[in-house]
Structure formats: C-alpha cells, structure tokens
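Everything below concerns the one structure shown next.
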Amino acid sequence: MASAHASELKQQGALEAAQDPNSSVTAEAAENTVLREAKAAGSAAYQFDPDASPEEKKAQLRSHVPANLHHQRKPNAVALATDIDDGTGTKYDLPSPSKQAASAPASPTTPNAVTANGHPPEDDSRWDRVGWAPRFGQGDTGDEDEGTMLDHQTWLESRVEDKFFGDWYHNTGVIIFASLTSWVVAVLGGGLGWIFLIMAFCGTYYRTSIRRVRRNFRDDIIREMAKNRLETDNESLEWINSFLVKFWPIYAPVLCETIVNSVDQVLSTSTPAFLDSLRLKHFILGTKPPRLEHVKTYPKAQDDIVLMDWKFSFTPNDTADLTSKQIKNKVNPKIVLEIRLGKGLVSKGLDVIVEDMAFSGLMRVKIKLQLPFPHIERAEISFLERPTIDYVCKPLGGETFGFDINFIPGLESFIMEQIHANLGPMMYAPNVFPIEIAKMLAGNPVDQAIGVLQVTFHGAQGLKNPDKFSGTPDPYAVVSINSRQELGRTKTVHENANPRWNETVNVIITSLKDSLTIQLYDYNEIRKDKELGTATFPLEQLEENPEHENQNIEVMANGRARGIVQADIRFFPVLKGIKLEDGTEEPPPESMTGIVKFTVEQAKELDGSKSLIGQLNPYAVLLLNGKEIHISKKLKRTNNPVWPDASKEILITDRKKAKLGLVIKDDRDIAADPIIGTRQITLDDMLDQMAKGHEWYDLAGVKTGRAKMLLQWKPVALKGALGGSGGYVTPIGVMRLHFQNARDLRNVETMGKSDPYVKVLLSGVEKGRTVTFKNNLNPDWDEVIYVPMHSKREKLLLEVMDEENLGKDRPLGHVELSAAEYIREDENGEFMVNEQKTLLSESLRTGPRSSPKGVLNFTCSFYPTYHVVDPDDEEKESIKERPSAEVPRKSTDSPPKSSDDNKVSRSDLAKQLDKGEKEQAEADVSQKKEIPKLRLGPEDLMKYESGLIVFKLIDGEFSDTNCYLEILMDDMAFPSYSSTKVRSKNHTFNEIGDAMVRELDFSKITLRLIEHVDKKGEGNENSIKAKLTGATLDVLRRCLYTPTQLTLRDDHGRENKITVSLKYLPIKMRLDPSESFNNQGTLRVDILDAADLPAADRNGYSDPYCKFNLNGKEIYKTKTQKKTLHPAWNEYFEVPVRSRTAAKFDVIVYDWDFGDKADFLGKAAINLEILEPFAAQEVTLGLDGKSGAIRLKMLFKPDYVVRARQGSSTFHGTFAAPGKVIGAPVKGVGKGAALVGGGVVKGASLIGRGFRRRKSRGAEGAEEFENDGTPNGSIDEMPPAISVETANTATPSPHNRNKSLGAMSFTGAQSPSGDNGIANLTVVSASGYPAASKVQVHISVGSKEVHKTKHIKAPSGQVTFDESFKVLCAADAQFKVTVKDHALFGSEDLGEGIFFIGDQGTGGEKVIEAGSGKVVIKSSFTPADAQSIAGANSPKVRSRFLGSKRDSRERSTTPGA
C-alpha cells in the first residue's frame, strides 16, 4: 500500500514539474515517468506511437488482452443489398474509380505546440455554449472555508493507549487504587484536597473507559444488525456527494458538449419542412452537481444481481447549502433552443429558453454481473414512482420579455402528463431502461456477422383469415429475427389463400441461438394490414445442416394452426482463418463472395459556395456499381456533417467487379438537390487503403471537401445458393389411417343429431376427409385415407366435425397423432414399414381442458417410400460438382506450411496420420449410410403397384376463367389436390402436389375444371366445366419427368390445355385385399328359381317372393309367384358393392299373405368372395328353413365405387356410383329391363349408359359381354333338377387380382321388362314423429320430386293427409319417401324410406318406415299401351370403358377426352 502511494506521488510530481514553465522537465519525460511508475505499481499502462494508425494501436492493445475475455456482441440482424445486376443502369455521373486521391491521416499536433500535460491549446469559444471550460473547483480564489470540528477528547485520552482501558480488572484495580490511596491520605493526615484530586483522576479514567466500552459495544451491535439495516434503513452517500462537488466542474462541460453535438444531429435530421433549422444555442447544467440523498441495498438478491434503490435530486437553484463565495461564482442551468423561421437568407432565429430546472426521484438500479470482462453485463434503471420535475420555459420574448408558459392555467399539468406519458413506458416501474454496459465497453466491431441467411419463399398453403367476414386474404410475408425489426418482405398476392411468391430474402445473422420469424399479413388498401399468423424456424437447426430445402413451416395464430409456409432456408457462414497450434490465427481464405459493410461516417470542409447562405443541408447517397443502396438522414445547416446512419451491409457475389460510390447532395426543398461531391472506388482498392490506415478520401468535382469512408469485409462461400423445388417436400412415406367408426359423439344440434365426418389436418392444412353421415352419433365410415409424411417431427390432427349447410362446420372433438410414434429408422437411417392392425380407440376432446365426449376407432400404419433418382436433382448435383475445386479450404484442413518449416516432428506426423484415419473412418461410415436409389423409367412402373404420383402443374390455356383445377384419383369422393383460382386465360401455376395410387395398373386419374370447390363432396355435376379421365399408368408413362400438355374439352367443345409433369414414388406397401380394385364394383344378381320350398298356405302351396339385404339394408325385392313350391322368378338386379370381403349379403324367402304378415320360408347367406371378376357363376344355396333351395347367377364387374354422402339415418352406410340414387339397385322384371328412377338402368340401357359413365370416369380397356338370350320357360309344377348346397359348403377361392380383362361371356336369364303406365298414389297418414314438428311428406322418383304434401302440425304425433296424385312411370319404379319438419328457412329431415308400387291392380296400403315414424301410402298401377323401352333379347353387346375399339389388354397412351 505504501509503495503504491509512493508511486502515485512520483507521478503527480512529474506531471506538476512538466506543467511548471520554469522547470526543465518536458512533457515526454513526464509521460515516460508516469508510464514507468504505473507499470511498477501493477497498473495496466500502455504507450503508443503517435504516428501509428488506429489499427496498429488497436492491435497492440489487443495483444495484451487475455483470450476469451471480451463479451461477444450480438447486434440486430439487417437486410442485405446485393451486387447482382438487375439490368438497370446508374443515374449519376461518377468519376472513374481511383485510389490516388486518398488523403493521408491527419498528423498529430507538433511538440512545439504542446502545453500542459502534452495537450494542444484549446479554443475558449468551444465552451461558450456549455457555460465554462473544465476546471478545478468552483472558480473562487479566496481563503478556504473553516474546517469542521473534530470529535472532543481529553488530553489523557490522546496519551493513553486503548489497551489500558475497558477490561474488568482494570476497573477493579482503579477502585482498589482509589480506596488504598484515600486510606493512605487519611493516615498521613492529608486534607480534603487530596481526596478531590484522587476522585478527579479516577473519574477521568472511568469516563474514558466507559466511552470506549460503549463504542465497542455499538460496533458489535452494528455488525450483527448490518443485514437487517440494509433492508430496512437507508445509507447516506455523502462521500459520493463530496466527490461530485470536486468532479462536476471538470466533467459537466464535457457532458454538455457531448449532448450538444448529439442533439444537434438529431434536430438537424428531424427539422419540420416549414422551419429552416433547429439547433441548441446553449446547454448549461449549472455549477451545482446532482446530489444522491440515500441508497437502499437488497443483499438477498441473486448472486449475479446487485439491486439498489437510489434517492437523488438535482436542484441547482437551491443555495441553502452553499457559501457566499460559491453563490457568487454560481452558474445557473440554462438551455436555449434556436428555431429559425423562413428559408435561406430570409430567415429569423427565435430563442426558446428553458431554465431553473429541478429534478428529484427514487430510482431502482439493477446491475447484472458476468464472468467475462468488463464483468458487468448491463444495468437496468427504473423509477419506482413519478419523479418531481420543475422548470421555467420561455418560448417567446427571450431573456428580457420572456413569459413562463407554466403561468397559463392548466398548461403546466398538461405538459407534465405528456412528459410522464412518454417516460412511463420507458422507465417507470415495472418498465426498465436497459444500459448494455458490456456491449458499450467491448472492443469488438458493431456487427459481428457470422454468416448470411437466405430464405427462398415458394408459397403458402391453407392460410386462414382470423376474421370470418374478411373473405379470402391478400397475403404477404415479412421476415425478421425474433419478431424484431423487419428485414424484408415478399410481394402481395391478392385473393389467394395458397399464394406463390418465388422470392428470396437475404439476412445477416449474428447468432444461431435466435429464431427466424416469418409473419404473414393480409394486405388492406385502407385499413391496417391484419396479421394472419407467425411461422418460426429455430436457427439452431442450421448448426447440423446448413441447408434446409422445402420446409413446410407451420403458421400459428392464437395457438391454432393457420396454414403452412413453404420455403428453402440456407445458411452460408463467414469463412474464418485456421487457428494454429501456437495460438495465432491465419487470415481467412480468399473469396470473391462475402459481406461488406460500407460506412460513410462524416465529411469535412464541404464546399459551401454552392449555398447562398454558406451553409449546406447535406445528406449522403451510398452506391454499389452505380446503383443507390442507401440514403442517409438529411442534416441542416452544417458543412461538417456527421451522419449517424450512413451505413449499409451488402452481399457481394463478385468482389473484383464491385465498385463503391458516394454522392453527397445538398437538400433543397423546391429545386433539385445539387451534388456537392462524389467519390467512387473499387472494393479491392478500398480494402488496400483500409489496410494502410487511410480513411479520408477527397471528393471529386468540387473545390474542397473530403469524406471519411470505412469498410469491413467478411468472406462468405455462397456456392450453390440457387435451386429449390418449388416448395414441394418429397415425402418419406405415407400414413395409412383407416377410420372404422365413432361412438357416442357429441350432439351439437338443437333439433336432430350431428352430421359427423372426419378430416385429417397436417400443419393446419386439410389432407383428406371422410364422407358425412347425416343425423348420426354412431357413424360407420369404414374409409381409408393416405397422408404423405415429410418428417418425424410432424403431427397429425384427426378432427371430427359436424357438417353445416349454412355457416362453418362445428368441431365435435379431435385426436392428435405424433409421427414419431409410427415412423422408425433402422441402423442405416432407412425408414421401416410399421403396419399396425390394432384398433385404436381414442377419446375426443374439443380443448386441452375439456372433458372427453365420444370415441374415434381407427388404425394407423406407416409405409415408407423407395428412394428414387430424380433427373432434376442429378442435374443440380452435376452443377455443384463442377466448381468443387474452387471451394475454399475448410477450417478443418491443415494450414499451409512455409518453406522454412519443411521439417515435421514425429509427433506432428503422428497427429496428422491419426487425423487422416479418423476422417477416413468417418467417410466409411457415411458411405455405409448411403441408401441406394431406384432409377425409374416408363418401363419400370409396373413393378411397383402402390406409390405416390407427384404432379407439377406448370401453366395452362383456358377457355374460361374463375375456375379451379382439381385432380381426383380412383374412387375418392374428394379431390387429392385443388389448384389456385384460374384468373386469366393464360394462367401460370408453378404448383406441386401429390396423390396416392393404390393399384397402378387399375388406377384412374381425373383432371377437371370446376367452378366451385366441392368441399362437402356433393358431386354437383353442374359446376364441372371440363373433365378428362384416363388410366394413371398411361398418363404417367407419357408425362414422366416430361412437361406434357393435356387437353380438356368442355360441353361446348372448347379446349383447355394444361401443361403438367409427373413423377412416381413407389411405396413399400402390400395392399390390403379390402382396398383392391377387384374388391369393389358392380354385382349383377340373376334370381333364377327355387325348389322344395315349404308350404305355408292351407292349399299346400306358398306364394313366395325374395328380399335381398346388403349390410343390413334391403336392396331388392322380387315379384310374388302364386301357388307354387318351385317358383321361377327370372329377375335380375345390379347393386354397387364397395367391399366384397366385408360385405354381408343374404337372401330371405317369404310367403306373401293378403292382409297379414308375410311368413318366413328360409334364409341363405351369399359369399361374394367366391366370385371371380367378369366370370358369371351360378350357385345354389340351401335355405335355413324347413326345406328348399334357391338358385342364383352372379356376375361381379370390378369398378371404382365412389363413396357418396350419406343422406339420412335410414340410408347410412350405403354406397353409390356418381349419379345414382343411394341404395337403388338395377332391377329387371317382366318382358325386359325397364329404366327405373334416378339412374337405375337395365338391359341394353345398362350397357350403353352405364359404360358411357364409366368412360367419363376414365376406365380404360374394352371388355365384351355376351348376353345369349334363352326362351322364357313357363313355370312348371315339376321341380327343377338342381342340387342343393348351402353357403357354407361353397369353398371361396383365394382373393387374387385378375389382370386378364379379356372378353368373358355369361348366360343370363331373360326376364320380361315392366310395362309403362300410371301409378295412382295416395298419402294417407304419418305417425310417430315429434309432437312439435310440422310434418310434410315428399315423394320422388329418382332425383325428381313428383309430389309434396301440405305441412301439418302434429300435436299428438299423428297426421292425416289423404292426398292423391298420379305419376307416369314403369311398373317396377322405385319411389322414395322423405319426411321433413317444415320451416320457413331450411326444413329438417325426419327420415327417408323407399317403396315399390303395389302388386295388386286394385291397390293396397303400404306402411313405410321413415326415420322414427311411419308413413301410410296407398298405391295402384294401371298399365298403358306402350312398347317396352328395351328389348329382352339383346344381341351381343360390346362395351368400351374409354370408347376405344382396341382390346382391353391394350393401353391408351393418352387420357380419354
């Protein structure tokens, strides 16, 4: 401690000697003495060469700083400009690039001009605006004030040491001494005076002793209660106030000058247009310093937190604590703002004076500590309460006639509220004002860029507007880091929820710990743009893989998925030098690409002759290759501007060709801004000048003027930056979801039940859905949906919805599935098949806290795709491999050795060998993980029956606009892909989608132009403008990897041409037999005859008829044969069957009784699995009654059966081909087959019309069917000789696909068709319906409604209509009854049912079950004299799926038109 004090005295003496003009000690000698003594005392002192450049001084200082000591600064990210040529030229006449006119750095002041402490003489006018120049003391020269009194103490206290006082034996000794001395005095005959003398001595000793005992006791108590005092008491800060009294006269002028310079720049750039200029004329804080009243500390804060409350005040006008001499030399605070009105020469300055300021408040200071230097990370300041502010403001009149505006009633409080309103959000608790001390003191550059982030936007899908009344959004995307400053944005795509941008945004990033934020907005022309959602991408993923192509980033808003953004995200890091073993770092490798930060800091001595008043309003324009990249703020009335924002980061793709330019202009309000200086220099030349320390450059084209320009260069390897695949992510496999049923669903309807369906969402985008089961809380969907998966991180949302005719569908509950639970990889990184047959029963919830209601039963499996070689990817790889030799060496490579370092030690050689072996081992591992890829050609497609077809819609030529292009596959009711809206006749799509192909050799693909997107699967043919259907295999062979134009013709013969390109991704899946093409189709059943039926009547005969049921629903009923035990019906019907393997098909034989219930004669189950496709097979089934057998002939024709919307609870679970009435079979009786309601066809009409529909749906190939007519045998009483076999005895053949679709013949029984005539119908009554409903009965034949009754309210549930009407129809016409609850807006269905016309000519009543009630209808039929619609004896009829005359084994190379 003593040595340090001595060193400080020596330094002070050297400095005082140098200041003495009579001393021979020079300033240089004094500096050397100070440096030497400081180092001897252990201080960090450095000496620099005054002629050295700033870079050399910085390097010398950094060489003494320990490694990893400075805090790494992470500034905000900024958007990038680039030197890529866009074809536009420059608009400035710039000088040719030159570095010859670069000015040398200004030389320091010569030693002859040195004054005290080696500093040059200062101009006193510099301090006129701040009150006084820095000085010691308050400026008084009189005698010192009186000192303060010290603590009182006696002479004895100052002479006797502390060790003689305080202990108990000392006090005991004093008592004994006083007693003995008094006794001795008494014995010796002493007087009373001696006794007083002894008492004075002992009293003095006791006084001193007890004082020191109390002091020690007080110190002990203080130490024990120190922590409590810190939390409850306030500490005085007089020591710092005493310091401020001496320090304030030195620091206040410097602080004021800094404020003046900063505020002048801000005022210059913020001057309103109607003013000439704004500037601070004076800024004086006064000679009385701020005062800290007390401080309160919280010691129980965290270890890295220092928390204090400071009470402070700044009252420069309070003179109570000042001496008379301090009051005499006192300078009052004063701020003068000059506002200059007018323009140029015609202008006048007005002074706004603010003086007598006072400020006090309670401020909380929170200091965050850190381990690296400077050990304080940041300080946070906030006011715990509103501070007290006082001032005098004189806006007009100046010093003499100024009027304080606070005298105006109400104005003072208004101004104070405005001040608090602005300061409150910044620093009033709980808000804090942060001061980043570590970043301010760190010696690192402002922008520590680690690389370039390149975001290539392809588009977005499924964007949803949060406001249901806003319509289709007009989206655009904004890029930022952590939702801070906007760094770039895309263009706006109008009225499109699936926009395509195809734009690239480049961003400098400083840390991979942040997140890339993509905010989606809906553009509004008048109102504020509305945020659609935010997509976030963690930049940490770039550490492992710097390129993430085809990312589907989920857009979230209020915790819900609002769509996905498709983008490529690539990271190009800054190249760094190799760190050698000795700790030194080599310079980074040379690169022609990188990031450059171009800064124009200031300009001096600008040519003011171009201004009439001699002062300019300058601003800087930064150029790159002659193009404007940045414009600085415009300053006012200065010829030596300092621009705070003239800096720009630029992405350089070719450093040798890059030229940086500067144009300085004078801002003129009305006239054109004249150029007052230009400069242009190549990037390489400026880097050379920066290395030499040259920063000032003379301006060209003017008499005087120079600018300070700075440059920072960071090389970045930007190879392979181009590319992408339009935003489409190649799937890694498909998730197979088999939705079987749901039970006990939530009922959200007021009347009736919910209409449920299931939709599958991936990142908020719908990927598939089932059909709707109307009015059913226990639907049986039995549907399979395939969802392409792209990553293990994805999640599926299975949402059960209630379909609504008006308004949005309502959720009934959802189930979340994580792809990671089903997608697994083997040791080579290849995805494995995960086939799950176990039924999953998941409870449905509408929210995280809601109670479950309902159960969804389904299975989930994952099937990966094969890795297929893509020719487009191969082309990109070849492009990347060509310039591979130019790629700079990575930091892991060994650094180049100099010629003097040819000898390598054995240890170094061993290290290199170990390193090489390790790299080789890693290379071997990477080779083992390489997954082989398939190379698919058109001839290889048939090897893989299941896969994903990937289609790229390029462009199209359309005859009409405002339509959508949809792609449907096979039997799907909903499109696999819907394009964006076609808004022009020459529309460019650039869209990519995919669809599942279960059986490639049987698959059909349909492209259709539709006016309105069919979201509910209603199949409205009227909205279809054009359609093209063909075999998927043929279309795929034609369009594989090749853009091909397909033509769609509408009803008017107009052509619509669409250019598409297809790819095929095979899937490792063995198709379940239930999904096979051969498992669904049309079943034709010929009811031939029966034998040995039991007698049910008294006459020994029966009146038999048959009913056929499919999956529990009646689909067909034969005519009644009178008085026979061996009936011959000779009827047939056709019915669509979605799944033969799952179908429950049976026949029941009844005995008809007049006016009584039919008697059961027998039942037999029909096994459809035994049927071979296109092969007629005759079976005899034994009945399970007393006796009897029935003989049937069946033909199964495979075809895709589209799942149709379920109409009501009566018809639920049925299927139908497009255009057919659900549940209506093809029925034939009598002389021939008659055309019956709603697409129910028979005979020749079946072949003609049915296969024409098949043509429109794109079936291909041609099959020949022979219908050899046989005479209609009479009904003979002799039983036919038929064998009796039961359904159980029939051995089903294994389910194999029959790929041979050649001509197959079958013999069908001829049956006379039903005659045409008039049906007389009477709606008698209805019963069993809710009491509050208005019952109304609708009768229809097929899709045509023929009668509608009155709506009658049923208070007792019974309604009587007695309404009769006539209908022209066939004898076997099928009628549909629909009962509705009538309402003014939207009637509610109560049930449906079907019936046929009565068998008796006189008519009879029928009871039809429709929903929960029954309808009684009386019917009769009167034949008419009309020939049959279709003859029974049809010759050989040839049908064609696509109208082609070629054999079915031939494939068409183009889709059918």
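- Look at K633 and D645 and you find no salt bridge, because none of the NZ, NE, NH1 or NH2 atoms lies under 4.0 Å from a carboxylate O.
- C393 and P395 make their closest contact through O-CD, 3.5 Å (heavy atoms, listed as atom of the first residue, atom of the second, distance).
- Separating the NZ atom in K394 from the CG atom in D351 is a distance of 12.0 Å, to the nearest 0.5 Å.
- Between the CG atom in L237 and the CZ atom in F243 there is a gap of 13.5 Å [rounded to 0.5 Å].
- Under 4.0 Å is where a charged nitrogen must lie from a carboxylate oxygen, and between D304 and K368 at least one such pair does.
- Of the possible donor and acceptor atoms, none in the side chain of S632 sits under 3.5 Å from a partner among the backbone N and O of A646.
- Using a 4.0 Å cut-off between charged nitrogen and carboxylate oxygen, R668 and D673 do not count as a salt-bridge pair.
- What you find for V565 and L520 is that their closest heavy atoms are CG2-CD2, 3.5 Å.
- Using a 4.0 Å cut-off between charged side-chain N and carboxylate O, E293 and K311 make no salt bridge.
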| request: Would you please test T517 and T534 for side chain to side chain contact (heavy atoms under 4.5 Å, CB included) and show each step? | output: CA-CA 7 Å; T517 305; T534 302; 3.3 Å; yes

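- When all heavy atoms of A567 and V455 are compared, the pair lying nearest together is CB-CG1, 4.4 Å.
- The side-chain heavy atoms of I481 and L487, taken from C-beta on, include a pair separated by under 4.5 Å.
- For the residue pair M556 and A561, the shortest heavy atom distance occurs at SD-CA, 3.8 Å.
- Taking the centre of each ring, Y521 and Y476 come in below the 6.0 Å mark.
- Between N640 and L606 the shortest side-chain heavy-atom distance does not fall below 4.5 Å.
- In this structure the side chain of L280 reaches within 4.5 angstrom of the side chain of I335, judged on heavy atoms.
- Between F312 and F359, the ring center distance clears the sub-6.0 Å criterion.
- Salt bridge status for R489 with E503: absent, with no side-chain N to carboxylate O gap under 4.0 Å.
- To the nearest 0.5 Å, atoms CG (L532) and CG (D474) are separated by 9.5 Å.
- Judged by the 6.0 Å and 45° rule, K665 forms no cation-pi pair with Y619.
- For S413 (side chain) and G410 (main-chain N/O), a donor-acceptor pair under 3.5 Å exists by modelled atom type.
- From T492, atom OG1 reaches atom CG of D522 across 9.5 Å, with rounding to the nearest 0.5 Å.
- Side chain of T287 to main chain of V331: a donor-acceptor pair is present (N/O by atom type, distance under 3.5 Å, no hydrogens or angles).
- A heavy-atom distance below 4.5 Å is found between the side chains of V245 and P289.
- Between R364 and S382 the shortest side-chain heavy-atom distance falls below 4.5 Å.
- Contact detail for V555 and A535: the closest heavy-atom pair is CG2-CB, 4.2 Å.
- A distance of 8.5 Å separates CD1 of I553 from OG1 of T536, quoted to the nearest 0.5 Å.
- Using a 4.0 Å cut-off between charged side-chain N and carboxylate O, R386 and E417 make a salt bridge.
- The CD atom of E380 sits 12.0 Å away from the CE atom of M427 when rounded to the nearest 0.5 Å.
- The aromatic rings of F247 and Y251 lie parallel to each other, their planes meeting at an angle below 30°, with 60° marking the opposite boundary.
- The main-chain N or O of E238 is never found under 3.5 Å from a side-chain atom of S242 such that the two would form a donor-acceptor pair.
- Comment: E338 engages R279 in a salt bridge, judged by a side-chain N to carboxylate O separation of less than 4.0 angstrom.
- Two residues are said to be in side-chain contact when any heavy atoms from C-beta on lie closer than 4.5 Å; W643 and I664 meet this criterion.
- Formation of a donor-acceptor pair under 3.5 Å by the N506 side chain with backbone atoms of L651 is not found in this model.
- Between the side chains of D666 and N617, no donor N or O sits under 3.5 Å from an acceptor N or O.
- In this structure a side-chain-to-backbone donor-acceptor pair under 3.5 Å is missing from D309 to L362.
- Residues Y428 and H420 meet the side-chain proximity criterion, which asks for heavy atoms closer than 4.5 Å.
- No side-chain donor from either of S360 and S313 sits under 3.5 Å from a side-chain acceptor of the other.
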| request: Go through D529 and N524 one step at a time and tell me if the side-chain hydrogen bond (donor to acceptor under 3.5 Å, both in side chains) criterion holds. | output: CA-CA 5 Å; D529 295 348; N524 292 312; 4.8 Å; no

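- Between S511 and L539, the closest heavy-atom pair is O-CD1, 3.9 Å.
- Between I376 and I367, some side-chain heavy-atom pair lies under the 4.5 Å cut-off.
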